[in-house]
Every structure is written in C-alpha cells, then in structure tokens.
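Values below: all heavy atoms of this structure, side chains included; hydrogens, waters and symmetry mates excluded. Quick note on labels: first sequence line is chain A, next is B, and so on, each numbered from 1.
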Amino acid sequence: MGEPQLQSETVNRVQINPLRKKRNKSYSKLMKNKLAVCGGIFVVLLVVLAVFAPLLAPFDPTKQNYGQILKPPSATHWFGTDTLGRDLLSRIIFGAQVSLKAGLISVGIALTIGIPLGMISGYFRGFWDEFIIMRVTDAMLAFPSLVLALTLAAVLGPSLNHAMIAIGLVFTPYFIRLARGEVLAQREREYVSAARASGLRNFSIMMRHVFPNILGPLIVQATLNVASAIIAEASLSYLGLGTQPPTPSWGAMLAEGQGYISQAPWISIFPGLFIFLAVISINVFGDGIHDWLDPKLK
Amino acid sequence: MNDILSVNHLSIGFDHSYGHTSVIDDISFNIEKGQTLCIVGESGCGKSLTSLAVMGLLPSGGRIHDGQIVYKGQDISRKSQKELSEIRGKEISMIFQEPMTALNPLHSIGYQVSEVLRVHQKVSKHEAKEKAIEMLRLVGIPSPEKRFAQYPHELSGGMRQRVMIAMALICHPGLLVADEPTTALDVTIQAQILELIQNLKSQFDMALLLITHDLGVVSETADKVVVMYAGQVVEYGDTKELFTEPKHPYTKGLINSIPKMDEDTEVLPTIKGSVPSPDEMPMGCRFVTRCPFAMEICSKIKPPKITDGHEVHCWLYSSEDVKGENPSVDKV
Amino acid sequence: MLIKSETPEPEKILEVKDLKKFFDIKQGFVGLGHQTVRAVDDVSFFVNKGETLGIVGESGCGKSTMGRSILQLQKPTDGSVLFEGIELTKLKNGQIRKLRKDIQMVFQDPFGSLNPRITIGTMLREIVNTHHVVNKTESKSYVEELLEQVGLKKSYYDRYAHEFSGGQRQRISIARALAVRPKLIVCDEAVSALDVSVQAQILNLLQKLKKDYELTYLFISHDLSVIKHVSDRVAVMYLGQIVELASKEEIFEHPLHPYLRALLSAIPLVNQPKRERIILSGEVPSPINIPEGCRFHTRCPFAKDLCKQKVPAFEQKKDGHWAACHFA
C-alpha cells in the first residue's frame, strides 16, 4: 500500500537527473498564450471603443460634409471620408457599438436556446430527441441561413434588435446539433456512468459533469459564429432589414463602399479590416479560454 | 556466433523543442537462431519501444542515441527507411497487440496477406493468391478460400490475429517480433494463438522476440528472458533459471505480486509505489524509489552488471564493499 | 438451552432471479428487421452478507452487463433483483438514486471513469453531500479522511484526475464507491487495467476495506487467478449464463464443467511444469445466434449428441456445487 508513504521516505534521498529536469511549458504553448492575450486585449479595446465612442470619436459620425466627400486618409480624417463626407474613423468607432452588439447578442441568443435543448436532447435521447428536436433543426438547417434570417427579420420588422433575434434563431440549430453530439459522446464515457452509479441527480450530472466537458468545442463554435453574426448583420443592414441609416455599422459601411472600391477603396477597406481583426481576436481569445479551462493544460 | 539478432548498448530518447528525454538506457541482449526471447516488464518500461526500434519503426521524435541492433551480422540501426523496408516483412516481421487496428479495414484479408508477398518476391498475382490461401490454412483459418475475400471486421479477434500472423510469416522471416500478441484476447484464444506461434516457429525455424507483461506467458514460452524496468534491463538470462532463482528485487517483487493459483495468501506481497515519470527518473538505479533494499549508492551510481549464472543489474550483488555492510538478500 | 448454536444461516444481501438483459439491434433502412442480443440470459444467484462472490468469464459473456443490470444502470429486460428484500427492478428513478447509497460500483477504466474537469475533492464532496452522508460543514474533512483510507494523501484533494497514475486513480474510484458507506460494492474488472505490482496493491486495499467496513463484494473479472484470490464463492459465466457455481475451494479443486476445466488449463503460470492442456476449438459463438442445446457444445471437446439437442439444467451436482452439464 506504499504509494503515499513512498514519497516521504525515499524521494528526498533520490537525486533527480538534472538533464531530465522538467520544463513545463514548451515554446509553442507560450506563443499560443501570448496570442490569446493579444486577442483578449484587442477585444477589450473594441469594447472600450464602443462604450466611450462619443468621447473618442473626433467627429459626429452622422454629420454630412459635402465639402469633404470621398477624401482619402489625411491628418484630419485618419481613415478618410465617405460618399456623404462623413468621417470614417468616427463611423468605425460608433460602428463598433452596433457590430459588437449584433455579434455577441445574437450568438448569446443562439447559445441560450441551443445548449439546453441540445444537451437535453443528447442526454435523454428518445422521442423528443429523435422526432422533435432533430427534425426541427434538420428542417431549419435545410434552409439557406440568409434566406431564413431575411424572412424572420422581415416578419419581425426592420430594426437592429429584430435582426439580432433573427440571426440568433438562425444560428440556434448549429448549437443544438453541436451540444447534442458532444453530449452523446460524453454520455458514453465511464465517468458519466460512475456519476449515475454514485446516485447523483440527472440535472447535476448534466450541469457539473457533462457541461464542463463539452464547453471547449462550444466556445470555439461560438467565437466563429460571432464573426458570422457580424457579417450577417451587415448583410441584413445592406438589405435594409438591420441597422437603419444613418446609424453606422461596419457591415453597412462595407456594403456602402462596394460601389466605390476603385475610386475610394478606404471606405470598404477600413470597416473590412476591423471586421477581420475583431473576428480573429475573438477567435484567438476563445481558443485561449478553451485551453485555460482545460485542467490538463494548466 | 549463432546470434540472429543482437542488441548492443542500445539507448533511445525522444527529442523535444526543449531538450530530450532518455527512455531506453543502455540495453543489451541477443537471440540465437530458433530461440524465443521475451522482454517482460510493466507498462512504460520501454519494452514496446525496444521492439519498434528493432523494426526501425520508432515513433516520431524517437531517436537511437547510442548502440547497435545487429541482425544477421549487419547493423540495422543506422539503415535508411528504404533499406529497412527491404528487410521488414521479409527478414523481420512483426505482429501487434490490436489486430483490428493493425489491419486495413478497406482491403480484404486475402489482398493484405498476398500484398506482402508481392512486395517482397516477384510472384504472379495468381501464385500470390495461392500462397496466401495456403498460409491462411497454415495459421488455422477454416475454409481459407472463402475467407480470402472477407474484410477484417467480419472476423473475430482471434481470427484477425491469425491473419496478422499469416501476413507476418508469408515471406518466412528469420525473426518474428510479437508485441503483446495475446493481450487483447481471452485466455482460451490466447492459448490457441500461443500454441500456433510456437508450432510455426519450429516449422519455419525462426527466432521469436516476444514482448509481454504476463509472466505466465513468459514462463511457458521463452528460452531467455529480459526483465526491464523504466527503460533499463534489470535482469537477463535463461528463463528457467531466472524464474526459479530471481535475483533482482524488482523481478522477485513482480513474481510475488501475482495472485497464485496453487496457494492461498491473505495479503499479496507488493512493490510499493509506482514507476517514476520520465522527468523524475533517479540518476542511479531507476528502481531505487521502490526498492526495499535501497542503499546510499543505489540513488547515485548506476548498478553494475553482475553475471552469476545469469545477468543482474543490482548493487546488492556487487563484490565491491559498497557501504561496509552487505545486506541480506534472502529476505526478499 | 445449552445447544451450541450452529453457524447462523448466512443472510442473503442480494438475490438475482432469472435475470435477463436483451438488446435489440435495428437493421435495414427503416429499422424494421431486428435481431436480439441475449447478453444476459436467465441468470440466478445470491450473495451472502459479508462474502465476495466472484464472477468469471471471457469477454462478451455478459458479466459486465449483468453487473450494470443489477445496479439498474441498464434496465433488465426481465427477472428480479432483490437487495435486502427490496425489488430493485420495480423502483422508480428517484428511489433508485437513494438506493445507490447502499450499492456502489468500481469501474474498470481508471482513465475514463473520472471526470477530467473537476478536482477529485469536489467530485467526492458532491457525492457525500447528495446523499447527506455527513453534515455539509464536515464533508471536506470527511473526504480527506476517505482519501487517507484508500492510501492517498489529504493534499490530493485539489488535484485533477490526470495528475494521478493508474493505480492512484483506481484508489480514487474506490474512494468514490466508499464515500456513501455502501453495503455492497460491484467491482467490474476493477484491477484489469493495472500492472501486476499495482494490481496487488489494489487487491490488498480492497481486502482491507472489506474487513474494516464489513463490505460485500460482487467481483467481476476475466482473470481466474484474481478471482481465486479475492472470492469466497465463484460463478463461471459463458455466453450469458452461469455454467458453474461453488465455493472457491470446491470449484478450483474439483471443477466440473468442461469450460472451467479448459479455462484453468489455459492460464499460463509461472514456474509450473507443463500441464495437460484442454485447447478449446473455435471461438465463442455470437450472443445473437446462441447454439441449440448446451451453449458450450460447439467448443466442448467432450460434446455428445445429447448436448446438441437438450439444454442441460443448472443443477446441484454436489453439496453447494452447481453446474450446467449433462455429463458433469
């Protein structure tokens, strides 16, 4: 029965070969952590931009100035101006409000509906799982998502809030599927049987044992979907069903710039760049959270 | 020299971005023609890695740091993969623990057996098929003509292992490496497979390098045995002698801790603790953390090889006066 | 009045009667055709309080399914499981949960049976609190004590499963089973994944705990030497049925069923002269197509015509020695 006593008795006498000294973190791991931190910093920066937009923006984002139409980046207008002479930097700062909101809230809606349904479906299986949840999600997934979002947004009426609900609902089946699949896999693991054999309640097995183990892939999927949601909001805005002009959103700005891509590329480049950076950093940050939640990688 | 394989001072380690870990530390043994040598030890002792090194199939990052593997007089440890592929399957063959994963699920078993033959010998497709069927019959697969077209998933575990054996032996190799070939099988099937391997071994006059954790299997099949612990050889010699007179405290502990069929014991003798992890390896004897007879010197200097009847690597048997006292060994 | 009391009739803690567990496999496009896997096919036995009943058999013989059916982790298809006189198969989910306080299980896989995401302290404490084993305020010290009882350190409380070796994990699994102070523990291949030296440590621990806590074990294993070491009585399973059952001394000294005799002759032993080996031909038939007559006749070296036609009764051949064979 020696395992516990052993350390105290012998280990202090034993010399560990110094060559084999453990170096805990490999270089690549460290690099990954740095990336995640960078991503996190950028996400925080965007949030700060959005929250303090009125203080940070040099100009009024909706003020038109016909003397300054389609000006390239300069000392006064860092990112240039658009077709109505509005300052692009100010619009991007204010646009962060809309785009981040659209991205986070719609994914939030999808997560809150999708994860519980998916988990219940995967954990209990049976009639609900096979005939209702799976059929409904399959049917929803069979529609092209933009068409579905369009229909929903049109039914609800054009506004940013409605667009977010529509996008959230369209994303929900992906999370149901993912959560269900992950739960199905975890359910077969022996620790779930062991938890059942210990007499734990189904609810606490799901919450405390299964949920933490399926969180990783869900976080990765969620961060990817934040990106898609920002773009989806842009598409809906472009079609007049999302953000209403003159409120700036990155997606709408990107769409506006489309027609001027050769004369005034900055109109689309800067919003595009910010969408890209936001998406990448949220993604890297999500990945970092995933690793951070894994006790094995601590 | 009648040795078909001799492994001399072999050391294997893994390279990482931050340095390297030594896994196999200076092991030597040799197998004569037609002999069976077993490497026995618990998980993580490096027995499988040794067998893979003999095949030239070290996992990525693994590297032979020192020593030779001499097969029929030539050192194969420094050969290129291309040269090795000439030898593998033809001169040295291997069977694995898990026949389901070792067989390709997308090809029929007949194809897989005859493919080995076609790679190594210039034979026609028809001839290859005939030989494959004959081989399948030899390994005890009933109605091999029918089975030829079947796929691995249609066979039971025991049958799959027979197919593996057929694949391994179709070119009549001089050495068969078997890595835990019966661990995944039930005892009654294990008995069948071990008997089959023994029969084919004498029929083909080949040597067998058997890797196992089961001391019972060793005792019943091996001519010579290597006991490994944490990447080092602790004891090596003739099976009968080694089992009737084990010397190393680890070997003794291992034999004692198996529940016996012929006697009743209330409390099983155990070896305390568990194998240290690779980055906590002691400098001297690697067994020192678990050894009931550990002395001052054991944790500092690697034990010498002492040959008295058979080979044992332990300070207890050193004639040098280690500490001015020689602890009694009989108590183990 | 002065009559010396005979050894009291042992109290049955668990009684299994005609237990069956079948699985349906759907086939075809719409799942219309189906086949039935008869994993456990009419098994009856009992376990006395304080004893260890060993269940031995090869993979696929249904021994694990039987263990899970007894715990109601899988609902039995038919039959009854009486634990201290309570019929378990008829209990509702909530009642089964309460019952889990009395019957516990130790699983085979020391790697899969522990949740990788929570510390072992949290895991054990949750179980203790769910069953109100001790006061909530005392549960931490209770769990620490438990860790020491299974030979681990108190300080391991905050560690995750992956920080432990296989043997240590199995100690944690044992602590989990022990946490609720059960009366019966089902050990399903509890030492099979361990190296011999560690296996011996765990076997000794199980024996010690049995004494300390007056436990009863149902010990399922494929390893005859382990079964022989731990059991008081032994049942041998083949293809979903028990084919032989007797006290340990009796069954290993005088095995009756050809299957057990073959098993005994097939285990490789250290330092034993070569024995007469009964090599069984062929393989275990699929539990979907169970042979007519005696289930073992396809592999039995002594099979006669009778064996192919008539199912042998599982009957008492000697005092306390049961076997299902026409010629035993």
Side-chain angles (χ1 to χ4, degrees), chain B residues 40-45 140 142 155-159 182 184-192 194-196 212-221 229 239-240 242-244 246 250 253-277 290, chain C residues 56-61 151 163-168 191 193-205 207-208 211 221-230 238 248-249 252 259 262-275 277-286 299:
Chain B
V40 69
E42 297 179 289
S43 45
C45 73
L155 304 177
S156 67
M159 281 299 152
T182 56
L185 306 173
D186 285 318
V187 261
T188 55
I189 309 293
Q190 162 170 296
Q192 294 173 359
L194 287 177
E195 201 191 50
L196 175 72
T212 181
H213 69 279
D214 188 331
L215 290 170
V217 170
V218 179
S219 175
E220 294 199 349
T221 52
Y229 180 81
T239 309
K240 207 172 231 166
L242 197 144
F243 277 103
T244 42
Y250 177 65
L254 210 55
I255 293 173
N256 287 336
S257 58
I258 318 170
K260 302 287 178 301
M261 287 307 286
D262 50 351
E263 57 189 273
D264 270 319
T265 34
E266 185 70 3
V267 179
L268 287 169
T270 59
I271 304 174
K272 64 181 180 177
S274 50
V275 186
S277 64
R290 303 176 73 189
Chain C
V56 68
E58 294 179 287
S59 54
C61 74
E163 296 173 64
F164 296 98
S165 68
Q168 286 174 321
V191 295
L194 306 173
D195 280 320
V196 267
S197 69
V198 181
Q199 169 179 295
Q201 294 170 1
I202 300 294
L203 286 175
N204 286 344
L205 173 67
Q207 296 290 63
K208 177 178 164 283
K211 260 189 223 136
S221 176
H222 70 279
D223 188 331
L224 272 171
S225 54
V226 169
I227 286 285
K228 177 160 190 278
H229 180 73
V230 298
Y238 184 76
K248 169 172 78 175
E249 294 76 20
F252 286 108
Y259 177 59
L263 277 182
L264 283 170
S265 80
I267 345 169
L269 294 176
V270 177
N271 280 340
Q272 295 281 316
K274 284 254 176 197
R275 290 156 293 163
R277 196 158 262 179
I278 307 172
I279 295 259
L280 293 181
S281 58
E283 318 225 348
V284 184
S286 148
R299 301 179 74 199

Task: Under 4.5 Å from a heavy atom of chain C, the part of B:Thr265 involved - done: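 Interface part for B:Thr265: both.
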Open item on the list: Using heavy-atom distances under 4.5 Å, tell me whether B:Pro269 contacts chain C through its side chain, its backbone, both, or neither.
Closed with: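 Contact with chain C: backbone only.
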Open item on the list: Salt bridge check, B:Glu266 against C:Lys211: does any charged N sit closer than 4.0 Å to a carboxylate O?
Closed with: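 Judged by the 4.0 Å cut-off on N to carboxylate O distance, C:Lys211 and B:Glu266 do form a salt bridge.
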Open item on the list: Using a strict threshold of under 4.0 Å (side-chain N to carboxylate O), is an ion pair present between B:Glu220 and C:Arg277?
Closed with: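 Looking at B:Glu220 together with C:Arg277, the answer is yes, because their closest N to O distance falls below 4.0 Å.
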Task: Spacing of CG belonging to B:Asp262 relative to CZ belonging to C:Phe252, to within rounding of 0.5 Å - done: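 Rounded to the nearest 0.5 Å, the CG-CZ separation comes to 12.0 Å.
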Open item on the list: Please report the interatomic distance OH(C:Tyr259) to CG(C:Leu280), rounded to the nearest 0.5 Å.
Closed with: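 Those atoms lie 7.5 Å apart.
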Closest-packed option against chain B by number of heavy-atom pairs under 4.5 Å, given [options]:
options                                : value
C:Gln207, C:Lys228, C:Gln199           : C:Lys228
C:Ser286, C:Gly282, C:Gly60, C:Ala262  : C:Gly282
C:Val284, C:Leu194, C:Ile267, C:Ile278 : C:Ile267

Open item on the list: What I'd like to find out is whether the side chain of B:Met159 reaches to under 4.5 Å of the side chain of B:Pro142, using heavy atoms alone.
Closed with: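 Side-chain contact under 4.5 Å: yes.
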Heavy-atom distances under 4.5 Å only: say whether [X] touches chain B with side chain, backbone, both or neither.
X        : answer
C:Leu264 : side chain
C:Ser281 : backbone
C:Leu269 : both
C:Leu203 : side chain

Open item on the list: Can you list everything that forms a salt bridge (Lys or Arg N to Asp or Glu O under 4.0 Å) with C:Lys248? Sequence neighbours excluded, please.
Closed with: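 Salt bridge (Lys or Arg N to Asp or Glu O under 4.0 Å) list for C:Lys248, sorted by chain: B:Asp264.
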TODO: Report the option among B:Leu268, B:Ile189, B:Leu194, B:Val275 that has the most heavy-atom pairs separated by less than 4.5 Å from atoms of chain C.
DONE: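 Ranked by contacts with chain C, first place is B:Leu268.
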Open item on the list: The test is side chain to side chain donor-acceptor pair (under 3.5 Å); show your working for C:Glu58 and B:Thr188 and say whether it passes.
Closed with: CA-CA 8 Å; C:Glu58 294 179 287; B:Thr188 55; 2.5 Å; yes
